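Just below is one structure, and these are the notes that go with it.
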Number of protein chains: 4
Amino acid sequence: MSEARGPDPTRRSERSRTAILSAAIELVTESGYAKTSIEAIAARAGVGKQTIYRWWPSKAAVVFDAVLDLTKGQQGFSVLETGDLKEDLKQVLRATAEELTNPRMDVSFRALALEIQYDANLASHWREKMLGPALDATKDRLRSAQHSGEIDADLDLDVAVELLYGPLYHRWLLQTAPVSVEHADAVVDLAMRAMSR
Amino acid sequence: MSEARGPDPTRRSERSRTAILSAAIELVTESGYAKTSIEAIAARAGVGKQTIYRWWPSKAAVVFDAVLDLTKGQQGFSVLETGDLKEDLKQVLRATAEELTNPRMDVSFRALALEIQYDANLASHWREKMLGPALDATKDRLRSAQHSGEIDADLDLDVAVELLYGPLYHRWLLQTAPVSVEHADAVVDLAMRAMSR
Amino acid sequence: MSEARGPDPTRRSERSRTAILSAAIELVTESGYAKTSIEAIAARAGVGKQTIYRWWPSKAAVVFDAVLDLTKGQQGFSVLETGDLKEDLKQVLRATAEELTNPRMDVSFRALALEIQYDANLASHWREKMLGPALDATKDRLRSAQHSGEIDADLDLDVAVELLYGPLYHRWLLQTAPVSVEHADAVVDLAMRAMSR
Amino acid sequence: MSEARGPDPTRRSERSRTAILSAAIELVTESGYAKTSIEAIAARAGVGKQTIYRWWPSKAAVVFDAVLDLTKGQQGFSVLETGDLKEDLKQVLRATAEELTNPRMDVSFRALALEIQYDANLASHWREKMLGPALDATKDRLRSAQHSGEIDADLDLDVAVELLYGPLYHRWLLQTAPVSVEHADAVVDLAMRAMSR
DNA sequence: CTGTAACCGAGACGGTACGTCCGGTCTTCGG
DNA sequence: CCGAAGACCGGACGTACCGTCTCGGTTACAG
């Protein structure tokens, strides 16, 4: 999300980059994404507006990078493989549920999920960096379960993964009910019945 | 979404109301929700801005009413009960998939689905008028299948419904893959395995 | 300078117009023309920037109207005709000298006199409303002196007028020496020698 | 105008100096003084901005030096002394008129005349280097005419000089009429009548 | 012949102001 | 009193430049 053709990245001020990202997260958390202006981010970060426009094409891109910074730990994301598929899935779904309810992430994350509707470039970054890792790791775990015979070898894994994550995001985005670890467990219990045999 | 305390609704101009709603849908479809301004809606509708502000609290509310007008036909929404649960579910999920891919609805509907993040009042109207009918009807159909023994009587129907709709909305909102009737069928096939017995 | 095609002048806020003009004069006097920004004028006047841009095309046009307002008294400008040409000319040249040294006018007036270099439209207004009246009145007085035989009938009055005002403006604009009533008198005394007989 | 305390003038790049001055004149002539930015001058000259700021305190100072370079020929300025005062004066006033109408000089020269309002330091350089030589030389010529009895010995020469140059600059700066050699002649003819006897 | 200290091109930086767009309020006039 | 029209105050947009600072690189003199 950060690279542009014009400016020279080697001369970029790390100080400013960090200040901007922190200010962005803070303001979005305090006042909401819509009410956060680039002007305010610049002011809070003690930075000229041009320094933001030089490195990011939009407010969404800034917030995206800010969220990415927050979640940097999950880089080498993978699902446990304890031999007990159901438990492994519960573990990862619970982690997702917790992330979705973490107030630090919630507002920004949700705003980005919205913003990708308007920005195809952002959307692909989002799928690749934010959504993809968890989805892919889960798919890998299911594939391994197919090899071990725990679940049906004919299963369409894309749909299977959606059966697991779909209910969580449904609640989260459409606000039909609160997301929780209990709900995550219930989803895994039910989805396992579809996948087994 | 329409009523406010001040003005007298009996003296309201139906002509203006219709023009505003049409203009809103047109502009959102043409240019996207974010780029549609109230000012532009008023201009397109040949209406003063105050006439919009008098009757709706926000752009979201206008678009909400506009979309509601479009979908007025589906008022008495219910799921067929042919005796074949799987076919009945496929029928309703396919209908949902088609609605989500209908270009007339897509942009506005998606924008609203996400705008509710910022407006609690709108959110409840949305759940009640747009999402609720289909979800409730589906739940009713499942309850009837429980009575007839087609599916497990212990099933948590809320989660079951999410298992059906979650994957569709997951694709649609997070843009992980295209929504289609084939996908809807695949979801039903898989979810049925979780619900049966 | 004030009229534009778009907006409706009958609905214009007199309150805002006055506040803008006052703020403009104040700021130019305090900080100089170049350091006065439209943004600052709007802020001082308690007015949106758009309200300035709606009615004036440039900072120069605002200041022009502001100065015009200040000098509105001189509307029906004319030169005394006491019968003593030299005294009449001294009277008007002294008045000009005083105006050029009046600190209230000096900064704004000087800035405008020079800003017309960049704005042909402003330049013609300037000549017509600010410079013209005094120059024309002086020319009229000289013409009457020609009829009475006080001065040479063959005299080119345009050059004669320049002989009177040129030295004053030369000092004032090029800052070669201070403008004063004594200087004005000296100029008249000398110029009279060129015009007589 | 050029020297500053910090940098070492002996190591200055003549190449850069020349490129900057040329670029400045070009840009001012093409687009006008106000629309010419230091950034643009640096870019056109193929020079870093700092190289300009190192050697000149302001855009005005750059343009001043650029104009000075153009007029370097007139260094040892003096007025002919043919014995015929009127002709000598016509010769020098015509030269001034031609300079003021030379399109190469006009824009930059006029801009400087404006800029001295805001920069006292520039103003004194301007008077000394640009205006002074012609004015002083003219005054010298008049003084010699006083000695030879051609003109009144009591004449205030400062005012006399203003009587000659004032009308030209009046036309040029206030744009009341075009400057021309004919006009210069007419001014001399008239002013001579004031000075003689 | 080699530091090392300056100027140099380049351009990122914190800022200010630009001129525009739009939000939401207020005012005027006609029906 | 509703509705159209649109002026108003205000806030943010994205851009252009300001004047300062920092980065290699390239002379040019001192050791």
Side-chain angles (χ1 to χ4, degrees), chain A residues 6-13 15-17 19 35-43 45-55 57-59, chain B residues 6-13 15-17 19-20 35-43 45-55 57-59, chain C residues 6-13 15-17 19 35-43 45-55 57-59, chain D residues 6-13 15-16 19 35-43 45-55 57-59:
Chain A
D8 175 354
T10 67
R11 306 202 36 195
R12 184 169 186 181
S13 156
R15 189 183 204 297
S16 298
R17 202 193 125 269
K35 295 201 167 178
T36 296
S37 67
I38 290 198
E39 210 142 82
I41 295 174
V47 140
K49 279 203 285 178
Q50 199 55 49
T51 302
I52 298 187
Y53 285 110
R54 187 158 23 235
W55 302 110
S58 65
K59 178 174 69 167
Chain B
D8 174 356
T10 66
R11 306 203 39 188
R12 182 168 186 184
S13 157
R15 192 181 200 297
S16 297
R17 201 192 126 269
I20 289 165
K35 296 202 167 179
T36 298
S37 68
I38 290 200
E39 213 144 77
I41 295 174
V47 138
K49 281 202 286 178
Q50 198 53 41
T51 303
I52 298 185
Y53 284 109
R54 197 171 357 251
W55 301 109
S58 66
K59 177 173 69 167
Chain C
D8 175 355
T10 67
R11 307 203 35 196
R12 184 167 185 183
S13 157
R15 189 182 204 298
S16 298
R17 200 192 127 270
K35 294 203 167 178
T36 297
S37 67
I38 291 199
E39 209 141 82
I41 295 174
V47 139
K49 278 202 286 178
Q50 198 56 48
T51 301
I52 298 186
Y53 284 110
R54 184 155 30 233
W55 302 109
S58 66
K59 178 173 69 166
Chain D
D8 174 356
T10 67
R11 306 202 40 187
R12 182 169 186 182
S13 156
R15 192 183 200 296
S16 297
K35 296 201 166 179
T36 297
S37 67
I38 290 200
E39 214 144 78
I41 295 173
V47 137
K49 281 201 287 176
Q50 198 55 38
T51 302
I52 298 186
Y53 284 109
R54 193 168 5 246
W55 301 109
S58 66
K59 178 173 69 166

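Residue numbers start from 1 in every chain, and the chains themselves are labelled A, B, ... in the order their sequence lines are given, proteins ahead of strands. Just so it is clear, the model here is predicted, and its values are computed rather than measured.
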Tell me what A/Ser16 touches on the nucleic acid: a base, only sugar-phosphate, or nothing, going by heavy atoms under 4.0 Å. sugar-phosphate
Can you check the A/Lys35 NZ to E/dG24 C1' distance for me, whole Å? 13 Å
Counting side-chain heavy atoms from CB outward, which of F/dG19, E/dG14, F/dA7 is closest to A/Thr51? E/dG14
Looking at B/Trp55, I'd like to know whether one of its side-chain N or O atoms comes within less than 4.0 Å of OP1 or OP2 on F/dG3. yes
Considering only heavy atoms from C-beta outward, does the side chain of A/Ile52 approach that of A/Lys49 to under 4.5 Å? no
Which residue, D/Ala45 or C/Lys59, contacts DNA chain E at a nucleotide closer to its 5' end, judged by nearest heavy atom? D/Ala45
Closest non-hydrogen atom pair, D/Ile38 against D/Ser58: CD1-C, 4.4 Å
Between C1' of E/dG9 and CZ of D/Arg54, the distance in whole Å: 10 Å
Could you tell me how far apart C/Arg17 (CZ) and F/dC8 (C1') are, to the nearest whole angstrom? 16 Å
Between atom CZ in A/Arg12 and atom C1' in E/dG14, what is the gap in whole Å? 16 Å
Nearest-nucleotide 5' precedence on DNA chain F, A/Glu39 against B/Arg15: B/Arg15
What distance separates A/Arg17 CZ from A/Trp55 CH2, expressed to the nearest 0.5 Å? 11.0 Å
Euclidean distance, atom CD1 of residue C/Ile52 to atom C1' of F/dG10 [Å, nearest integer]: 13 Å
When the distance from OH of D/Tyr53 to P of E/dC13 is rounded to whole Å, what number comes out? 18 Å
Less than 3.5 Å between a donor and an acceptor, one on the side chain of B/Gln50 and one on the base of E/dC26, is that the case here? yes
For residues C/Pro7 and C/Pro9, report the shortest heavy-atom separation together with the two atoms involved. O-CD, 3.3 Å
Under 4.0 Å from OP1 or OP2 of E/dC13: is there any side-chain N or O of A/Arg11 that close? no
Classify the side chain of B/Lys49 versus the base of E/dG24 as yes if they form a donor-acceptor pair under 3.5 Å and no if they do not. yes
Nearest-nucleotide check on DNA chain E, D/Gly48 vs A/Ser13; residue mapping nearer the 5' end is D/Gly48
To the nearest angstrom, the CD1-C1' distance between C/Ile38 and F/dG10 comes to 17 Å
Rounded to whole angstroms, how far apart are CD1 on A/Ile41 and P on F/dA12? 12 Å
With rounding to the nearest 0.5 Å, note down the distance linking CD1 in B/Ile20 to CD1 in B/Ile41. 8.5 Å
